[in-house]
Amino acid sequence: MSPVEFAFLILAGFGAGLIGYITGLASVVSYPALLAVGLSPIAANVTNTVSLVAVGIGSTSQSGRVLLDGDRRRLIGGAIASLIGGTIGAVILLLTPPGAFEAIVPFLVALAAVALLCQPILRRWATSHQDRPWVWLISLVIISVYGGYFGAGAGIMVLALMLVLTSEPLWRAALSKSLFLGIANTVAAVGFMIFGPVDWWAALAMAIGCLIGGWCGPPVVKRLPAEPLRVAVAVGGLALAVWLAVR
């Protein structure tokens with residue numbers, strides 16, 4: 001890898017870290033950047049997962065203590081669900097043919113984006129029914145399976161899930177999303193480090209940028225207006241779904 005490509009991936013990693021924390025769309029920056037420097041789709045996928053661990057580290061190191069002031073039972077349950085889902089997703093990727101699961105990815109991302117657009121209506125519907133924490137946990141396991149397998153758009157899925165099924169404000173939901181995805185990415189990354197074709201120079205460059213971008217995310221998102229940001233994330237999610245469908 002040339003110094004120019006290394007610097008390019010650091011810059012792309014910063015954008016992925018910042019955008020990933022704010023919108024949950026880190027892979028819309030990081031995955032194409034890895035393809036642009038010559039990695040194969042599978043190598044780019046596993047390298048992307050390894051490098052995006054740094055987003056969770058950066059964001060939780062910036063304001064992770066805030067999470068402890070919230071619902072700790074939800075936090076612990078979400079962490080366990082993410083761990084289980086990330087493990088299953090990594091195993092699926094390592095044992096199944098490439099592309100076996102990716103056909104439904106655009107539809108999952110589009111569904112999450114539509115859920116974000118309809119979030120006020122869906123939240124009113126959800127809160128008018130009896131609380132079902134098991135729905136939240138099972139849904140998070142499923143999303144974490146996808147996060148461990150491929151990951152593009154997993155952030156927007158978790159964000160939509162939290163904004164619909166919980167009463168968390170957008171900034172806290174974004175922080176929780178980074179933690180849960182960070183756990184799913186970490187457990188998947190361990191498997192990829194051992195068994196997957198990780199490009200270590202690319203992963204290092206991307207991780208440096210992601211760490212800085214993720215660290216900058218929490219103070220930035222607190223200063224952004226919630227409603228326009230929600231709509232912007234949803235529109236970005238629909239754009240990502242189209243890109244994933246035609247790529």
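With sequence neighbours left out, the side-chain contact (heavy atoms from CB on, under 4.5 Å) criterion links A81 to L137, L140, V141. Under the side-chain contact (heavy atoms from CB on, under 4.5 Å) criterion, L11 pairs with no residue, sequence neighbours left out. Among residues two or more places apart in sequence or in another chain, the side chain to side chain donor-acceptor pair (under 3.5 Å) test is passed with S30 by N48.
Summarising the hydrophobic clusters (Ile, Leu, Val, Met, Phe, Trp, Tyr; side-chain heavy atoms under 4.5 Å, direct or chained), the residues clustered with V4 are none.
Put simply, the side chain of V46 reaches to within 4.5 Å of the side chain of L93, judged on heavy atoms. Using a 4.5 Å cut-off on side-chain heavy atoms (C-beta onward), L39 and N45 make no contact.
Hydrophobic cluster membership is shared by I80 and W134, with clusters built from Ile, Leu, Val, Met, Phe, Trp and Tyr side chains linked at under 4.5 angstrom. Under the 4.5 Å side-chain heavy-atom criterion for Ile, Leu, Val, Met, Phe, Trp and Tyr, I84 and V91 are members of distinct hydrophobic clusters. Hydrophobic cluster membership is shared by L83 and W136, with clusters built from Ile, Leu, Val, Met, Phe, Trp and Tyr side chains linked at under 4.5 angstrom.
Closest of all the heavy-atom pairs between A43 and T47 is O-OG1, 2.7 Å. The shortest heavy-atom contact between M162 and K177 is SD-N, 4.3 Å. When every heavy atom of A110 is checked against every heavy atom of L238, the shortest pair comes out as O-CD2, 4.1 Å.
Within the model, atoms CD1 of I10 and CD of E5 stand 12.5 Å from one another, a figure rounded to the nearest 0.5 Å. For the atom pair OG (S51) and CG (L34), the distance works out to 6.0 Å, reported to the nearest 0.5 Å. Distance check: I143 CD1 to L159 CG gives 10.0 Å after rounding to the nearest 0.5 Å. If you take CG on L161 and CZ on F180, they are separated by 9.5 Å, rounding to the nearest 0.5 Å.
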Under 3.5 Å, which donor-acceptor pairs do the side chains of residues 184-212 form with other protein atoms, sequence neighbours left out?
unit_1: N185; atom_1: ND2; unit_2: L181; atom_2: O; d: 3.3
unit_1: T186; atom_1: OG1; unit_2: G182; atom_2: O; d: 2.6
unit_1: D199; atom_1: OD1; unit_2: W201; atom_2: N; d: 3.4
unit_1: D199; atom_1: OD1; unit_2: A202; atom_2: N; d: 3.0

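Not one N or O on the side chain of S144 forms a donor-acceptor pair closer than 3.5 Å with the backbone of G147.
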